[in-house]
Amino acid sequence: MALRVRFAPSPSGYLHIGGARTALFNWLWARKLGGTFVLRVEDTDQERSNPESVRAIFDALRWLGLDWDEGPEVGGAFGPYFQSERRALYREVAERLIANGAAYRCDLTKEELDQLRADYKAKNPKGEFVYRGPVRECTDPTKPHVVRFRVPREGATHFVDKVFGAISTPNSEQSDFVLMRSDGFPLYNFAAVVDDHAMGITLVARGRDHVGNTPQQVLLYKALGFEPPEFAHLPLMLAANGEKLSKRNASVGVQDYRDRGYSPGGVLNYLVRFGWSHGDQEIFSRDELVKLFDWDRVGKSDGKFDEKKFADVQFEHLKRPELTSSEDYASMVAPFLAARGLTAPDGARLAAAIPTIRDRAHTLVEAADLLDFFLREPPVMDEAARPLLTPATAPYLETLKMICVETEPFAAPALEARFKAWVESSGIKMKDVAQPVRVALTGRKASPGLFDVMVVLGRKATLDRLDRGIRIATGS
RNA sequence: GGCCCCAUCGUCUAGCGGUUAGGACAUCGGCCUCUCACGCCGGUAACGCGGGUUCGAUUCCCGCUGGGGUCACCA
């Protein structure tokens, strides 16, 4: 049977970094085996679901490059892909279950059930409350009621997990769980099973926080006469303090990292290495991941999210041309340049400047800052740097100007050789003359190498900037 | 608390009976240097505890301890 996996987010917020990881593992598996990656929106909770979240999640997935083969906005033969549009199907399946006795209508209210639970807890503080109904038969289907699944009293339910192996839970622990709410909407476990089957999903890969749902789902597959899919649960990504990852203890939105100037490749790389490994290798291109990913290399233990490591992994992606081409770099940094008013930068100069900042820009936000003086004419003069242009430094700039005019070709090695020769013969220290030159050229106290900067700027702009530096130095 | 799961440096991990227990991030030194970076070299740092099994356990089994998840008309 052809591999079909899915990512099924509920649109009640931004795409969580943990959710992105789940999506990634599913996507990788589909891409590796030529399977189908389905996106399904689990919007059965009317209260929490909202269209802004749907938008945000789609945007984040697209930004990460996790494209779906079937789902909202791309279609497919198994739609609709919003659960809110599939209610007729859930109702129909629920009726079938009631008809064959696997489920029953229950008109016990939430409050009554809470009371039952409380009473039980009062008497058995150490026991587990298990609801086994119906305590009261709901004879009138027109009255508000939920539909509950009749869990077998005996035996155990087991399944084989692709990462954890065999897992089994005694049925005596399981309450008669709700399939359909009184408002007619299905509950997660039920909708997921109905849809995963209807959509032909062959492997359900999700976070480990879902292992407790799996027995209930397996029970449902059995009751419906469906063949259960394979299951794979991912170890959890916890916050640095060991608690469940949340907005309270970390930046958890994929959005957050995009805004701070991380590249999608870097984000994916960090996420996949969290729980999966390939020997000692740390950095992977997307293509490598598709080729190398496998479930038998997925570990079982939860881990703690590490911002520092994340930052470093993503820096590697920005640093290496084989992972981020100059063209990709330029287009990724464009929005950040635009944010500082550089909406239509000189493309050729930008392309030339990028190699000089790769080792310096840890994020695209930093990249835009480092690129700024290359692309702005004249460059912004940093107030802290200006004092370095004293009258005494003007002769240095004059000499460099002369060298710039004479040197052919206008290339870094030749420029550097001539300038250094002059510096040495003058008995000055390179470090004393370099800073004034840097300030004249860039307006800053720190920048890429002087001669690389000159070459990127070209002879004309270099001379113009040196002239400006001389004017500032001499106060004219 | 019931049920389920997990356990190697601070963190992510390699290891699948015999290794000086490896890598990466972080951290601490040093080198390189026109600034800032990058890079390079080196240091500190881990098998939770107790029983087995075995000639030999980080590795296999059991218990303990510790950690996590989950117990809704949320997903």
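Lettering follows sequence order; numbering is per chain, from 1.
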Study note, to complete from the structure: Protein-proximity profile, nucleotides 70-75 of chain B, B/S/- by nucleotide at the 4.0 Å heavy-atom cutoff, equals SBBBBB

**Study point:** Gap in Å between the two C1' atoms, one belonging to B/U65 and one to B/C28, rounded
**Key:** 33 Å

**Study point:** Within residues 422-434 of chain A: residues closer than 4.0 Å to RNA chain B (heavy atoms)
**Key:** A/Met430, A/Lys431, A/Ala434

Point to revise | All pairs passing salt bridge (Lys or Arg N to Asp or Glu O under 4.0 Å) where residues 434-448 of chain A contributes a residue, at least two apart | key: A/Asp369-A/Arg444

Check your understanding: Can you pull the salt bridge (Lys or Arg N to Asp or Glu O under 4.0 Å) pairs that have at least one residue in residues 41-58 of chain A, sequence neighbours excluded?
Key -> A/Arg40-A/Glu42, A/Asp45-A/Arg48, A/Arg55-A/Asp59, A/Arg55-A/Glu73

Practice item. Find out whether A/Pro228 and A/Gln217 are in side-chain contact, i.e. whether some heavy atom of one side chain is under 4.5 Å from a heavy atom of the other. Key: no

Expected list for residues 165-174 of chain A: side-chain donor-acceptor pairs under 3.5 angstrom, two or more places apart:
| from | atom 1 | to | atom 2 | distance (Å) |
| --- | --- | --- | --- | --- |
| A/Asn171 | ND2 | A/Thr157 | OG1 | 2.6 |
| A/Gln174 | OE1 | A/Gln216 | NE2 | 3.2 |

**Study point:** For B/C47, the Watson-Crick or wobble counterpart (both distances under 3.5 Å)
**Key:** none

Review point. How far, in whole Å, is B/G52 from B/A21 if one measures between their C1' atoms?
Key: 24 Å

**Study point:** Any A/Leu400 side-chain heavy atom under 4.5 Å of A/Met454 side chain
**Key:** yes

Practice item. Carefully, step by step, assess A/Tyr270 and A/His317 under the rule ring pair (Phe, Tyr, Trp, His ring centres under 6.0 Å). Key: CA-CA 10 Å; A/Tyr270 178 72; A/His317 277 256; over 10 Å; no

Point to revise | Pairing partner (Watson-Crick or G-U wobble, both distances under 3.5 angstrom) of B/A14 | key: none

What nitrogen or oxygen pairs link the protein and nucleotides 46-49 of chain B at under 3.5 Å?
none

Check your understanding: A/Gln281 has an atom CD; how far is it from atom C1' of B/C25, in whole Å?
Key -> 16 Å

**Study point:** Distance-minimising heavy-atom pair for A/Phe274 and A/Leu236
**Key:** CE2-O, 3.9 Å

Review point. Will you find, in the side chains of A/Arg320 and A/Ser285, an N or O donor that is under 3.5 Å from an N or O acceptor?
Key: no

Practice item. To the nearest Å, give me how far apart CG (A/Asn171) and P (B/C4) are. Key: 12 Å

Point to revise | Ionic contact status for A/Asp176 with A/Arg150, cut-off 4.0 Å | key: no

Check your understanding: Please give, in whole Å, the distance from B/G68 P to A/Met237 CE?
Key -> 17 Å

**Study point:** Pairing partner (Watson-Crick or G-U wobble, both distances under 3.5 angstrom) of B/A57
**Key:** none

**Study point:** Rounded distance in Å - CD1 (A/Ile167) to P (B/G69)
**Key:** 16 Å

**Study point:** Same-atom distance (C1') from B/A14 to B/A24, integer angstrom
**Key:** 11 Å

Check your understanding: With side chains defined as the heavy atoms from C-beta onward, is the minimum distance between A/Arg358 and A/Leu318 less than 4.5 Å?
Key -> no

Check your understanding: Who passes ring-ring contact (aromatic ring centres under 6.0 Å, His included) against A/Phe185, sequence neighbours left out?
Key -> none

Review point. Does the side-chain contact (heavy atoms from CB on, under 4.5 Å) test come out yes or no for A/Val380 and A/Phe373, once each step is laid out?
Key: CA-CA 7 Å; A/Val380 174; A/Phe373 73 82; over 6 Å; no

Revision key, fill the gap. Any strand, both distances under 3.5 Å, Watson-Crick or G-U wobble: B/G42 pairs with B/C28

**Study point:** Salt bridge flag under 4.0 Å for residues A/Asp114 and A/Lys110
**Key:** yes

Practice item. Scan every strand shown for a Watson-Crick or G-U wobble partner of B/G2, both distances under 3.5 Å, and answer none if you come up empty. Key: B/U70

Exercise for review: Once you apply the 3.5 Å cut-off to both distances, tell me the Watson-Crick or G-U wobble partner of B/U19, or none.
Suggested key: none

Check your understanding: A/Phe451 CZ to B/U35 P: how many Å, rounded?
Key -> 12 Å

Practice item. May I ask you to establish whether A/Arg340 and A/Phe336 are in a cation-pi arrangement, using a distance under 6.0 Å from NZ or CZ to the six-membered ring centre and at most 45° from the ring axis? Key: no

Review point. OP1 or OP2 of B/G15 sitting under 4.0 Å from any side-chain N/O of A/Arg297?
Key: yes

Give me, pair by pair, the N or O atoms of the protein and of nucleotides 58-64 of chain B that are less than 3.5 Å apart, along with how far apart they are.
none

**Study point:** Integer angstrom distance from the P of B/G22 to that of B/G15
**Key:** 14 Å

Check your understanding: Pick from A/Leu97, A/Asn189, A/Val146, A/Ile98: which one makes a side-chain contact (heavy atoms from CB on, under 4.5 Å) with A/Leu179?
Key -> A/Leu97

**Study point:** Atom-to-atom span, CD of A/Glu243 to C1' of B/G66 - whole angstrom
**Key:** 16 Å

Practice item. Tell me the partner of B/C34, counting only Watson-Crick (N1-N3 plus N6-O4 or O6-N4) or G-U wobble (N1-O2 and O6-N3) with both under 3.5 Å; none if nothing fits. Key: none

Exercise for review: Using heavy atoms and a sub-4.0 Å distance, could you list which residues of residues 298-312 of chain A are near RNA chain B? By number, please.
Suggested key: A/Lys300, A/Ser301, A/Asp302, A/Gly303, A/Lys304, A/Asp306, A/Lys308, A/Lys309, A/Asp312

Practice item. Rounded to the nearest angstrom, tell me the gap between atom CG in A/Leu236 and atom P in B/A7. Key: 14 Å

Exercise for review: Before accepting this row, confirm whether a basic side-chain N of the pair A/Glu366/A/Arg260 lies closer than 4.0 Å to the acidic partner's carboxylate O.
Suggested key: no

Point to revise | Pairwise C1' distance, B/G51 and B/G69 [rounded to whole Å] | key: 29 Å

**Study point:** Of all pairs that satisfy salt bridge (Lys or Arg N to Asp or Glu O under 4.0 Å), the ones with a partner from residues 269-278 of chain A, not counting sequence neighbours
**Key:** A/Arg273-A/Glu282

Check your understanding: How would you label the contact of A/Ser168 with the nucleic acid (heavy atoms, under 4.0 Å): base, sugar-phosphate, or nothing?
Key -> sugar-phosphate

Point to revise | A/Arg386/A/Glu383 salt bridge by N-O under 4.0 Å criterion | key: yes

Point to revise | Rounded distance in Å between the C1' positions of B/U20 and B/U27 | key: 23 Å

Could you list all N or O pairs between the protein and nucleotides 36-39 of chain B that sit under 3.5 Å apart?
| from | atom 1 | to | atom 2 | distance (Å) |
| --- | --- | --- | --- | --- |
| B/C36 | O2 | A/Arg360 | NE | 2.7 |
| B/C36 | N3 | A/Arg360 | NE | 3.4 |
| B/C36 | N3 | A/Arg360 | NH2 | 3.0 |
| B/A37 | O2' | A/Asp359 | O | 2.4 |
| B/C38 | O4' | A/Asp359 | O | 3.4 |
| B/C38 | O3' | A/Lys319 | NZ | 3.3 |
| B/C38 | O2' | A/Asp359 | OD2 | 3.3 |
| B/G39 | OP1 | A/Lys319 | NZ | 2.9 |

Review point. Under 4.0 Å between a side-chain N or O of A/Thr169 and OP1 or OP2 of B/C3?
Key: no

Exercise for review: Determine the Euclidean distance between corresponding P atoms of B/U70 and B/C36; express it in Å to zero decimal places.
Suggested key: 48 Å

Review point. Using the C1' atom in both, what is the distance from B/A45 to B/C61, to the nearest Å?
Key: 31 Å

Hey, what are the protein-to-nucleotides 19-22 of chain B N/O distances that come in under 3.5 Å?
| from | atom 1 | to | atom 2 | distance (Å) |
| --- | --- | --- | --- | --- |
| B/G22 | N2 | A/Asp280 | OD1 | 2.8 |

**Study point:** Spacing of A/Leu271 atom CG relative to B/U11 atom C1', expressed in whole Å
**Key:** 16 Å

